[in-house]
Number of protein chains: 2
Amino acid sequence: MSARTSPENARDIPEATVARLPVYLRALVTLSEQGTATCSSEELAVAAGVNSAKLRKDLSYLGSYGTRGVGYDVDYLRYQIAREIGVTQDWPVVIVGIGNLGQALANYSGFRSRGFRVVALLDADPARHDQVVAGIEVRPFDHLERIVHDHAVAIGVIATPAVAAQDVADRMVACGITSILNFAPTVLTVPAEVDVRKVDLSIELQILAYHEQRKGAVTA
Amino acid sequence: MSARTSPENARDIPEATVARLPVYLRALVTLSEQGTATCSSEELAVAAGVNSAKLRKDLSYLGSYGTRGVGYDVDYLRYQIAREIGVTQDWPVVIVGIGNLGQALANYSGFRSRGFRVVALLDADPARHDQVVAGIEVRPFDHLERIVHDHAVAIGVIATPAVAAQDVADRMVACGITSILNFAPTVLTVPAEVDVRKVDLSIELQILAYHEQRKGAVTA
DNA sequence: AGAAGTTTGTGAACAGGAGAACAAACCGGA
DNA sequence: TCCGGTTTGTTCTCCTGTTCACAAACTTCT
Ligand SMILES: NC(=O)c1ccc[n+]([C@@H]2O[C@H](COP(=O)([O-])OP(=O)(O)OC[C@H]3O[C@@H](n4cnc5c(N)ncnc54)[C@H](O)[C@@H]3O)[C@@H](O)[C@H]2O)c1
Ligand SMILES: NC(=O)c1ccc[n+]([C@@H]2O[C@H](COP(=O)([O-])OP(=O)(O)OC[C@H]3O[C@@H](n4cnc5c(N)ncnc54)[C@H](O)[C@@H]3O)[C@@H](O)[C@H]2O)c1
């Protein structure tokens, strides 16, 4: 039933490219705010911190939005990338687990400006209910189904302790959420049609530590 | 000291493998806490959410720590991976920018238990000084040099607004920090010998949005 | 001791991504 | 209109990472 596999529509963009498009978008927004109307692949590549050949190849998956001999129209390209990613309209998001991290996330203004709208903050602890964080009331976790249904929420954020994360994910999946961003340091098991991305600080620090250790091992 | 480039010592572990070692380590810690003494590559692979062939190949870069027909000794493998990553001793870390996110990070107990020790919290805003977060006093950003020197800090975390991030990174590099974890949504420019890793929520959400949009594209 | 069963470690095929290089396309000036 | 300069879009090659498949090595049972 899906048009995902239809021949005309199925410009399959490589995962590595998808992961860089938001970076290009951010760079274009900055350029636009600085009043730059046009930029070359080289300029944009520097702003995004990538190789210009890679940038051009990435953009070529979206179509031919540049002009040879000239470069790219900043606002036009910005719109095209935003459209491709799907952030020309806002996506409703629920955050579950309003502790240290959940509160920081709720207060983060970057969500709103980048295509996402926090529609609810949920927590299992009654002591947190009716508390207001970033202008949004914290509500019982049991309200999940109703909220997801009422706001057509597709994306959920998990900021609970690791032990609770799988349960929260199961509940999210059961009520129709199909994309999850997980901050808890645990592997989530979900059906194949559900996308999960994880953010794990400790892993990032450990990767740095590995390289740091190697740096230390120098020949006298 | 020992040579990074020496033939015997230079077991070059692929980046993709390095990024997964912390996941294996976490899974092993969990297994160990559950009282499991031994596990097969298949069991560990499930716990880590990866393919068992990939897991075995990854581990083979470290050496032969398993026993054919039996599997791996959980505690022994755990130690070997921790040693390889370099988290058998604690790494001192400084966090700069003690706002919403910086405070959440400072309060995060997972740092300590995974090989890192927060030795200082720094902020440019005088209003935040002498405030105590997670039992640590917030100090002026100017104290960076002294702290880095006194505690031999190699790893810095940036949780300031994007506009300040490059300046903070420059100061960090100038006083000897060689690994940076950046939460600000901006591209940092640093010398080649400095490692930078970034964590960007908005990018993760946008990647989810891209796939979500494609899921939505159903025929009738 | 030998056979049957299990699981690791790894060679080899395969897939995907990165970067160099260049033809095609565009601009501006004469 | 033609020419030189510029920049894109794309092809080709190389490299890294993934997965399969299986011999080697170990355990257990008879
Ligand atoms: N704080 C950080 O900087 C940080 C960094 C990296 C990872 N993490 C991870 O993020 C998660 C949250 O960290 P934190 O520091 O905010 O923890 P926290 O303890 O401050 O907050 C967790 C919140 O989740 C709520 N909760 C618990 N079980 C729940 C459930 N079943 N349903 C709904 N809500 C539930 C709790 O009531 C609490 O409010 C943890 O898994 C932690 O490992 C945090
Ligand atoms: N809050 C989140 O959940 C979240 C999520 C993703 C990304 N981020 C990013 O993390 C960063 C911090 O976010 P936040 O919500 O904590 O912001 P914040 O404004 O609450 O905190 C920023 C802190 O940095 C300090 N600061 C500013 N300039 C400084 C400088 N030059 N040196 C030292 N300290 C300085 C400020 O005094 C403030 O305390 C931002 O770049 C934000 O985009 C935050």
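We name chains A, B, ... by the order of the sequence lines, and we start the count at 1 in each one. Here the structure is a predicted model, which is why all the values come from computation and not from measurement.
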Practice problem: Using only heavy-atom distances, decide whether a donor-acceptor pair under 3.5 angstrom links the side-chain of Lys57(B) to the base of dT19(D). | Solution: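 Answer yes: a donor N or O sits under 3.5 Å from an acceptor.
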Quiz item: Taking Val157(B) as the fixed residue, which of Val96(B), Val199(B), Val93(B), Leu101(B) is the one that meets the side chain to side chain contact (heavy atoms under 4.5 Å, CB included) rule?
Solution: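 Only one option passes, and that is Val93(B).
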Exercise. Tell me which nucleotide among dG17(D), dT8(C), dT19(D) gets nearest to the side chain of Ser40(B).
Key: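 The closest nucleotide is dT8(C).
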Quiz item: Which listed nucleotide (dG17(C), dT18(D), dC22(C)) is nearest to the side chain of Arg56(A)?
Solution: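 Minimum distance to the Arg56(A) side chain belongs to dC22(C).
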Quiz item: Would you call Asp73(B) and Arg78(B) a salt bridge, taking side-chain N to carboxylate O under 4.0 Å as the test?
Solution: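 Here Asp73(B) does not pair with Arg78(B) in a salt bridge, since their nearest N and O are not under 4.0 Å apart.
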Practice problem: Using ring-ring contact (aromatic ring centres under 6.0 Å, His included) as the criterion, point out the one residue from Tyr24(B), Tyr79(B), Tyr72(B), Tyr76(B) that pairs with Tyr65(B). | Solution: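 The residue from Tyr24(B), Tyr79(B), Tyr72(B), Tyr76(B) that satisfies ring-ring contact (aromatic ring centres under 6.0 Å, His included) with Tyr65(B) turns out to be Tyr76(B).
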Exercise. Could you tell me the separation between the CZ atom of Arg20(A) and the CZ atom of Arg26(A), rounded to the nearest 0.5 Å?
Key: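 Reported to 0.5 Å precision, the distance equals 14.0 Å.
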Quiz item: When rounded to the nearest 0.5 angstrom, what is the spacing between OG1 in Thr17(B) and OH in Tyr61(B)?
Solution: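 So the OG1 of Thr17(B) and the OH of Tyr61(B) are separated by 5.5 Å.
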Self-check item: Distance below 4.0 Å between Ser41(B) side-chain N/O and dT8(C) OP1 or OP2
Solution: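 Ser41(B) to dT8(C) OP1/OP2: side-chain N or O found under 4.0 Å.
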Practice problem: Verify the contact: side-chain N or O of Tyr72(B) to OP1 or OP2 of dG9(C), cut-off strictly under 4.0 Å; return yes or no. | Solution: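 So the side chain of Tyr72(B) is within the cut-off, an N or O lying under 4.0 Å from OP1 or OP2 of dG9(C).
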Distance in angstrom units between [X] [atom1] and [N] [atom2], rounded:
| X | N | atom1 | atom2 | value |
| --- | --- | --- | --- | --- |
| Asp58(B) | dG17(D) | CG | C1' | 10 Å |
| Tyr61(B) | dT16(D) | OH | P | 11 Å |
| Leu59(A) | dA18(C) | CG | P | 14 Å |

Quiz item: Just wondering, do Leu122(A) and Ile95(A) contact through their side chains at under 4.5 Å, heavy atoms?
Solution: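 In short, these two side chains do not touch, never coming nearer than 4.5 Å.
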Quiz item: Toward the 5' end of DNA chain C, which comes first, Thr17(A) or Ser64(B), by nearest nucleotide?
Solution: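 First, find each residue's nearest nucleotide; the 5'-ward one identifies Ser64(B).
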Each nucleotide N or O in nucleotides 26-30 of chain D that has a protein N or O under 3.5 Å away: list the pair and distance.
residue	atom	partner	partner atom	Å
dC26(D)	O4'	Arg68(B)	O	3.3

Quiz item: Contact class for Glu15(B) (heavy atom, under 4.0 Å): base, sugar-phosphate, or nothing?
Solution: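 Sugar-phosphate: the residue Glu15(B), judged by heavy atoms under 4.0 Å, touches backbone atoms but no base.
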